[in-house]
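So the structure is just underneath, and the comments pick up after that.
These values consider heavy atoms only, across backbone and side chains, with no hydrogens, waters or symmetry-generated copies. For the single chain, residues carry numbers from 1 onward in sequence order.
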Amino acid sequence: MDAVDISRFLTGMTLAVHIIFATIGVGMPLFFAMAEFIAIRKKSAQYMALAQRWAKGYTITVAVGVVTGTIIGLQLSLLWPTFMRIGGHVIALPLFMETFAFFFEAIFLSIYLYTWNRFKNQWIHFLISIPVIIGGTFSAFFITSVNSFMNTPAGMVIENGRMVNVDPIAAMFNASFFVRSFHVVATALMTMAFIFASIAAFKLLKNKIEKDRRYHQAALKMTMIAGLIFSMLSMLAGDLSAKFLHQEQPEKLAAYEWHFNTESQADLVLFGVLDESTQEVKGAIHIPGALSFLSDSSFDTEVKGLNEFPEDELPPLIVHYFFDLMVFFGIFCFMVSLAYVVALWVKRFNPHHKWLLYATLLCGPAAMLAIEFGWFLTELGRQPWIVRGYLKVQDAATDASGLVFVTILFALLYFVLLFSATYVLVRMFKNKPAYQHIESLNQRGDA
């Protein structure tokens with residue numbers, strides 16, 4: 001492997017780890033705020049315990065997310081020095097604003113965590129959660145802006161190998177910013193809902209203590225309903241993304257679908273195996289006209305094929321597999337949450353049936369895998385560009401030696417971080433059943 005490939009691998013590994021904690025960072029504050037809101041409205045110790053336990057666990061993931069996020073900023077300069085030299089000043093504003101948003105969130109999170117039971121009016125404490133939600137969400141907006149700029153650069157011109165005449169606002173709010181930000185936030189909330197639902201399902205399958213089961217049933221109800229709503233929003237975001245790609249990045253959309261020839265009534269291709277020499281797809285499911293409809297809400301829409309573009313500017317066609325996996329896992333989560341909600345509303349069905357709980361147990365890992373595949377999809381789909389149309393990845397990477405050793409060190413660091421975070425979270429709640437927390441809240445009269 002040369003320096004370019006190692007830089008790509010190390011950056012991909014870092015993003016794969018960071019996206020876990022970034023997703024939790026965006027999605028989790030809304031859920032402990034929702035739980036506290038319900039607790040105050042219903043005077044429910046169950047939901048108050050949910051809010052407090054979730055917020056307690058959140059502190060660990062935030063700490064690890066800070067480490068991995070800092071590493072990404074460091075690696076931008078170390079692994080992609082040409083990109084930073086040419087365009088670092090263009091993305092400086094959203095990078096600064098992302099840091100500001102994080103500190104804004106951290107300050108109010110500290111106040112939130114250390115002021116349980118400090119206010120006579122419980123709504124005051126609930127209101128403190130709102131800046132935490134805003135900080136986490138805006139942090140996602142600003143870092144997504146940087147990534148969006150790399151996909152749809154705006155607000156600058158290239159002169160003498162440098163980006164000049166920079167309009168930082170136009171660069172930050174580039175063409176793909178809004179649709180990508182909506183997609184990031186919706187999928188983060190969906191993933192967080194299914195992670196919590198998965199934990200609740202696991203506890204219901206394992207736990208026989210009735211007081212504890214009622215707590216986990218409440219958690220499951222809240223998160224599965226939220227999961228259904230956010231999965232539908234994620235599908236809407238996916239639809240908007242497809243329409244955007246059709247207009248702005250047609251080669252990316254064509255690569256996702258192994259669509260080689262420009263045509264109307266284009267089929268949506270699911271799964272299959274590609275023979276690149278003959279451009280023949282074997283064993284795939286073809287949905288007639290669906291790609292045209294996704295592209296512009298009409299079966300007669302003409303969709304550009306890969307043969308329209310220079311071969312050296314095409315993304316690697318492996319992206320199709322990531323697209324299929326992302327869609328499959330997302331649809332799986334949607335179907336399970338829909339089944340749960342139907343079972344909840346139709347009295348003759350049991351929403352806590354063993355097999356439905358087993359399916360729910362799989363939703364957490366499935367949703368996180370959908371996030372991972374989605375990010376690999378969008379990052380590989382931008383290839384061979386680091387800044388689309390201006391700078392290729394191979395021209396932006398470092399030529400420094402010793403990258404293999406550095407990659408091994410970072411891999412060890414990520415293993416330690418993931419293991420430590422998991423271990424601490426498990427130990428934090430092990431042998432501390434929820435019903436004991438609820439009883440202590442009732443004794444203090446906090447709910």
Atom pairs and distances, donor-acceptor, side-chain atoms in residues 189-201, under 3.5 Å, two or more places apart:
residue : atom : partner : partner atom : Å
Thr191  : OG1  : Thr187  : O            : 2.8
Ser198  : OG   : Leu361  : O            : 2.6

Could you tell me whether [X] atom [atom1] has more than 12 heavy atoms of other residues or ligands within 6.0 Å of it?
X: Tyr321; atom1: OH; result: yes
X: Lys221; atom1: NZ; result: no
X: Phe100; atom1: CZ; result: no
X: Met335; atom1: CE; result: no

Rounded to the nearest 0.5 Å, how far does CD1 of Ile24 lie from CD1 of Ile60?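 Going from CD1 on Ile60 over to CD1 on Ile24, the span is 11.5 Å.
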
Could I get the full list of salt bridge (Lys or Arg N to Asp or Glu O under 4.0 Å) partners for Asp239, not counting sequence neighbours?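 In terms of salt bridge (Lys or Arg N to Asp or Glu O under 4.0 Å), with neighbours along the sequence ignored, Asp239 is linked to Lys243.
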
Please list, chain by chain and in numerical order, all residues satisfying side chain to side chain contact (heavy atoms under 4.5 Å, CB included) with [X], sequence neighbours excluded.
X: Thr262; result: Glu302, Lys304, Glu308
X: Ser298; result: Asp300, Thr301
X: Trp345; result: Val341

Counting N and O atoms only, with roles assigned by atom type, does the side chain of [X] sit under 3.5 Å from a partner on the main chain of [Y], one being a donor and the other an acceptor?
X: Ser7; Y: Ala397; result: no
X: His183; Y: Ser241; result: no
X: Thr11; Y: Arg8; result: no

Under the salt bridge (charged side-chain N to carboxylate O under 4.0 Å, His left out) definition, can you give me all pairs with a residue in [range], not counting sequence neighbours?
range: residues 155-171; value: none
range: residues 355-382; value: Glu379-Arg382
range: residues 255-271; value: none

Under the ring-ring contact (aromatic ring centres under 6.0 Å, His included) rule, what pairs show up with a residue in residues 374-399, not counting sequence neighbours?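 Residue pairs passing ring-ring contact (aromatic ring centres under 6.0 Å, His included), neighbours aside: Phe322-Phe376.
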
For Phe323, all residues meeting ring pair (Phe, Tyr, Trp, His ring centres under 6.0 Å), sequence neighbours excluded: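 Only Tyr256 meet the ring pair (Phe, Tyr, Trp, His ring centres under 6.0 Å) criterion with Phe323.
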
Just grab all the side-chain hydrogen bond (donor to acceptor under 3.5 Å, both in side chains) pairs involving residues 87-108, residues at least two apart or on different chains. Tyr58-Glu105, Glu98-Ser139

Any side-chain hydrogen bond (donor to acceptor under 3.5 Å, both in side chains) involving residues 310-319? Give me the pairs, sequence neighbours left out, ordered by first then second residue.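 As it turns out, there is no side-chain hydrogen bond (donor to acceptor under 3.5 Å, both in side chains) pair with a partner in residues 310-319 once direct neighbours are skipped.
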
When the ring planes of Phe178 and Phe173 are compared, do they come out parallel, tilted or perpendicular, using 30° and 60° as the limits? parallel

With under 30° as parallel and over 60° as perpendicular, where do the rings of Phe138 and Phe141 fit, or are they tilted in between?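 Ring orientation of Phe138 relative to Phe141: perpendicular.
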
